[in-house]
Amino acid sequence: MIIAIDGPAGSGKSTIAREVAQRFGFTKLDTGAMYRAVTLSALERAVDLDNEDAIDELARTIQITFPAGSGENVRIAVDGADVSEAIRTPRIDANVSKVAAYPGVRAAMLTPQRAFAEGRDVVAEGRDIGTVVFPAAEIKVFLTADPRERARRRVLQRHEGEEFAAEALEAEIAETLAAIERRDDLDSHRAAAPLVAAPDAVAIDSTAYTIDEVVARIAELIAERRGA
Ligand code: DC
């Protein structure tokens, strides 16, 4: 079975996919991490991000793998080197949409994405999973949340356990909101595989729901499919 979870940055896809994977024994596939890995490789090798041909070539050449496979400890490697932490920086956040918009890069990611799902139950998260990568996925979820709420979650996650003045927090939320809106706009309006809900996706707005409530809704969808 394949569960596709698509949606904008900060809508909770990763957390929800991880919970669903743990609870139902699925393997989680984070496709955003793959575009981040291509972006990191380009920056590290000083490949000009505006040089589409060079970025396409790089995406075709590097070997992206997921060493630990499943569960909570999902790792990602490029040519054998673990990049799991290195792909989660503001510099990658700011540049990944440009790289992910290149059709050649997207084409290069399709084969490993589909190979990953061969012969196993997968919960895959991204922007085009239900529309392009796995159009025949048994369950498709389009997860959204109010942009301000998404920015708030990102900032709280970033400073988990830290003391933070309310004013500084508000300023960072505003800054993060602007960055999120910029990325949403790029991801939604690009020509190649833009962020859109598949016609047969179940839309879930997580603004007013807890993680457990969203997972419970997906559990219902799984039960429906398995019973069908
Ligand atoms: O989910 P994320 O923030 O890690 O995704 C990083 C970027 O990759 C995001 O700006 C859009 C892009 N992306 C994509 O184009 N297609 C996917 N299936 C997943 C991510």
Side-chain angles (χ1 to χ4, degrees), residues 2-21 28-43 49 52 55-56 58-59 62 64 66 74-78 83-117 122-135 137 140-145 147 149-151 153-155 157-158 176-198 201 206:
I2 292 177
I3 303 176
I5 304 183
D6 290 303
S11 57
K13 297 185 300 292
S14 255
T15 310
I16 299 299
R18 191 176 62 226
E19 291 290 318
V20 169
K28 178 177 176 284
L29 173 62
D30 176 357
T31 61
M34 301 173 76
Y35 293 99
R36 289 172 177 273
V38 177
T39 308
L40 175 73
S41 300
L43 292 171
L49 295 186
E52 183 170 346
I55 300 290
D56 287 355
L58 177 71
I62 59 173
I64 297 176
F66 300 91
V74 178
R75 313 293 299 175
I76 183 166
V78 173
V83 294
S84 312
E85 278 79 33
I87 59 168
R88 310 274 168 207
T89 65
R91 187 157 181 239
I92 302 294
D93 286 348
N95 289 293
V96 63
S97 287
K98 172 178 273 188
V99 169
Y102 293 145
V105 172
R106 308 201 66 83
M109 295 301 113
L110 268 184
T111 308
Q113 284 167 1
R114 289 182 179 153
F116 187 89
V122 166
V123 51
E125 50 136 327
R127 304 292 189 288
D128 62 339
I129 306 301
T131 49
V132 176
V133 184
F134 299 119
K140 298 181 185 179
V141 172
F142 196 77
L143 192 64
T144 57
E149 174 61 16
R150 290 192 273 131
R153 288 178 189 168
R154 274 279 147 107
V155 172
Q157 196 177 38
R158 210 177 283 151
T176 304
L177 176 61
I180 278 183
E181 285 179 331
R182 206 161 40 239
R183 198 136 71 90
D184 283 356
D185 187 55
L186 286 169
D187 293 341
S188 306
H189 294 108
R190 68 181 178 217
L195 170 66
V196 285
S206 75

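Read the numbers this way: they start at 1 and go in the same order the structure lists the ligands and their atoms. What you see is a predicted model; the values in this text were computed from it and never measured.
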Query raised in the report: Considering only heavy atoms, does E125 approach ligand 1 within less than 4.0 Å through its side chain, its backbone, both, or neither?
Result: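 For E125, no heavy atom sits under 4.0 Å from ligand 1.
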Query raised in the report: For ligand 1, which part of D128 has a heavy atom less than 4.0 Å away: the side chain, the backbone, both, or neither?
Result: both
[X] N/O to ligand 1 N/O under 3.5 Å:
X	answer
R127	yes
Y35	no
D187	yes

Query - Sub-4.5 Å side-chain heavy-atom contact between I180 and T176 - result: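 They are in side-chain contact.
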Query raised in the report: Are any of the side-chain heavy atoms of L110 and Q113 separated by less than 4.5 Å?
Result: yes
**Report entry** Residues which pass side chain to side chain donor-acceptor pair (under 3.5 Å) with D30, listed by chain and number, not counting sequence neighbours
**Finding:**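 Per chain and number, D30 pairs via side chain to side chain donor-acceptor pair (under 3.5 Å) with R88.
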Query raised in the report: Looking at residues at least two apart in the chain, or sitting in another chain, which of them share a side chain to side chain donor-acceptor pair (under 3.5 Å) with S14?
Result: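 By the side chain to side chain donor-acceptor pair (under 3.5 Å) rule, S14 matches E125.
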Does the distance from a Lys or Arg side-chain N to an Asp or Glu carboxylate O, for [X] and [Y], drop under 4.0 Å?
X	Y	result
R127	D6	no
D128	R190	no
R154	E149	no

**Report entry** R88, R106, R183: member with heavy atom nearest to atom 6 (C) of ligand 1
**Finding:**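 Result: the heavy atom closest to atom 6 (C) of ligand 1 is in R183.
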Report summary line: min-distance protein heavy atom vs atom 19 (C) of ligand 1 -> T31 OG1, 3.4 Å
Query raised in the report: For S97, is the nearest heavy atom under 4.0 Å from an atom of ligand 1?
Result: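 Checking ligand 1 against S97, which is what was asked, there is a heavy-atom contact under 4.0 Å.
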Query raised in the report: Does M109 have a heavy atom less than 4.0 Å from any atom of ligand 1?
Result: no
